[in-house]
*Asks:* 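Here you go, one structure.
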There are 2 protein chains.
Amino acid sequence: MTHEQLTASVAIASWKTAVARTDKVFSELTEEQFLKEIAPGRNRIIYLIGHLTAVHDAIHTILGLGDRLHPELDAIFVAKPDKAIEPLPSVPELKKHWTEVNGSLSKKFAGLRPQEWLQRHMAMSDEDYAKEPTRNRLSVLLSRTNHLAYHLGQIVLAPR
Amino acid sequence: MTHEQLTASVAIASWKTAVARTDKVFSELTEEQFLKEIAPGRNRIIYLIGHLTAVHDAIHTILGLGDRLHPELDAIFVAKPDKAIEPLPSVPELKKHWTEVNGSLSKKFAGLRPQEWLQRHMAMSDEDYAKEPTRNRLSVLLSRTNHLAYHLGQIVLAPR
């Protein structure tokens with residue numbers, strides 16, 4: 001493997017590990033448990049699965065990987081906090097979106113050439129990138145993986 | 001910047017961002033708040049700062065960066081769950097260790113040559129590494145960054 005291939009493999013594996021752990025936790029929760037708050041007065045898990053799906057879906061756009069699948073989720077799960085909008089989409093519907101979005105990303109990630117991970121992401125101009133070359137696709141992937149880990153740490157706290 | 005330099009910079013920056021966020025949260029908590037549970041019946045923050053410090057300290061060993069600073073923390077914060085051992089070291093002492101350990105790691109990371117991030121970590125034999133070249137220093141760094149993000153997501157939930 002070249003250096004570029006190794007790097008891309010390691011970063012994608014880290015992402016996939018975090019997604020697989022989250023999948024496992026979601027698969028073990030009942031619909032009723034999705035309606036529980038992660039801690040008193042905090043987000044419900046149903047909100048967090050929608051939030052994570054919307055943030056992951058937006059990776060399509062920021063990495064230039066084609067159209068996102070569910071732009072309608074942003075208004076509910078990114079622009080607004082939990083409990084601002086009711087009713088939310090159903091748990092089975094959100095689980096389906098979650099799986100579709102991550103499946104789509106996995107395929108698109110596999111289609112990127114290793115060196116493309118070090119190219120600028122789409123929210124940056126060429127001029128900005130010349131000044132800050134570390135703001136590339138790889139940094140977006142690491143940042144979103146950390147974001148997922150952050151919320152997974154919360155999701156596992158909800159009362160079973 | 002070469003590909004190797006860019007990769008190392010991005011991964012180290014992701015680590016440092018997570019550490020800086022955690023530092024900020026710790027700096028805003030009173031000693032009393034460190035004694036609170038992140039959720040009813042779960043870990044206290046004082047346990048999590050010790051746990052994170054011990055896990056980060058062990059990065060010295062697994063990445064071959066020299067002796068770790070506080071091996072004595074493992075028995076309290078890794079081998080045992082919260083509330084198994086009392087009393088714990090004091091909050092000011094643990095905050096000092098946390099800062100020292102991450103400061104030491106930052107320096108050691110800066111001293112690694114970019115290509116060294118893709119070499120095997122110390123818990124692997126040469127034979128295993130030949131089979132799984134993605135189990136390298138970079139993968140350890142990403143894994144520990146995710147581990148930190150996971151617990152940071154929990155720490156911010158403790159009642160203020």
Side-chain angles (χ1 to χ4, degrees), chain A residues 1-19 21-22 25 36-43 48 114-121 129-130 132-160, chain B residues 1-19 21-22 25 36-43 48 114-121 129-130 132-160:
Chain A
M1 272 206 250
T2 64
H3 187 292
E4 284 88 346
Q5 285 168 328
L6 257 179
T7 304
S9 299
V10 168
I12 294 171
S14 168
W15 157 268
K16 285 192 178 172
T17 299
V19 170
R21 281 189 187 144
T22 311
V25 173
K36 296 230 172 105
E37 293 172 337
I38 51 172
R42 301 303 188 109
N43 291 324
L48 285 177
Q115 62 271 29
E116 290 182 293
W117 285 100
L118 294 187
Q119 292 165 359
R120 70 173 176 84
H121 61 68
Y129 181 67
E132 291 186 81
T134 57
R135 294 179 59 189
N136 49 36
R137 285 195 179 94
L138 179 65
S139 70
V140 172
L141 181 63
L142 300 191
S143 160
R144 296 308 180 276
T145 307
N146 289 337
H147 175 259
L148 174 55
Y150 179 96
H151 287 302
L152 178 59
Q154 300 177 329
I155 290 164
V156 299
L157 296 178
R160 299 294 174 99
Chain B
M1 273 205 248
T2 64
H3 187 292
E4 284 88 346
Q5 286 169 327
L6 257 179
T7 303
S9 301
V10 167
I12 294 171
S14 168
W15 156 268
K16 286 192 176 172
T17 299
V19 170
R21 282 189 188 143
T22 310
V25 172
K36 296 231 172 102
E37 293 172 337
I38 51 172
R42 303 303 190 111
N43 292 324
L48 285 177
Q115 61 272 30
E116 290 181 294
W117 284 100
L118 294 187
Q119 291 164 1
R120 71 174 176 85
H121 61 69
Y129 181 66
E132 292 186 78
T134 56
R135 293 179 59 189
N136 49 36
R137 287 196 178 94
L138 179 66
S139 70
V140 172
L141 181 63
L142 300 191
S143 160
R144 296 309 179 275
T145 306
N146 289 338
H147 175 259
L148 174 56
Y150 180 96
H151 287 302
L152 178 59
Q154 300 178 329
I155 290 164
V156 299
L157 294 178
R160 300 294 176 100

*Asks:* Picking from Leu148(A), Thr17(A), Val156(A), which has the most non-hydrogen pairs under 4.5 angstrom with chain B?
*Replies:*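 Top count of heavy-atom pairs under 4.5 Å with chain B: Val156(A).
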*Asks:* Where on His151(A) is there a heavy atom nearer than 4.5 Å to chain B: the side chain, the backbone, both, or neither?
*Replies:*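 No part of it gets close to chain B.
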*Asks:* In terms of heavy-atom proximity below 4.5 Å to chain B, should Pro40(A) be classed as side chain, backbone, both, or neither?
*Replies:*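 Just the side chain, heavy atoms under 4.5 Å.
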*Asks:* Quick check on Ser139(A) against chain B: is it the side chain, the backbone, both or neither that has a heavy atom closer than 4.5 Å?
*Replies:*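 For Ser139(A), heavy atoms of backbone and side chain both lie under 4.5 Å from chain B.
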*Asks:* Which one of Ala39(B), Ala149(B), Pro159(B) has the most heavy-atom pairs closer than 4.5 Å to chain A?
*Replies:*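 With the most close heavy-atom pairs to chain A, the winner is Ala149(B).
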*Asks:* Among Thr7(B), Asn136(B), Leu141(B), find the one that has a side chain to side chain contact (heavy atoms under 4.5 Å, CB included) with Trp117(B).
*Replies:*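 Single pass found, and it is Leu141(B).
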*Asks:* Answer yes or no: is there a donor N or O on one side and an acceptor on the other, between the side chain of Ser14(A) and the main chain of Val10(A), under 3.5 Å?
*Replies:*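 Between the backbone of Val10(A) and the side chain of Ser14(A) there is no qualifying donor-acceptor contact (under 3.5 Å).
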*Asks:* With rounding to the nearest 0.5 angstrom, report the CG to CE distance, Leu118(A) to Met1(B).
*Replies:*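 Reported value, rounded in 0.5 Å steps: 10.0 Å.
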*Asks:* Which value, rounded to the nearest 0.5 Å, describes the distance between Gln154(A) atom CD and Ile38(B) atom CD1?
*Replies:*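 Between Gln154(A) CD and Ile38(B) CD1, I get 9.5 Å after rounding to 0.5 Å.
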*Asks:* At what distance, to the nearest 0.5 angstrom, does CG of Leu48(B) lie from CD of Glu37(B)?
*Replies:*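 So the CG of Leu48(B) and the CD of Glu37(B) are separated by 11.0 Å.
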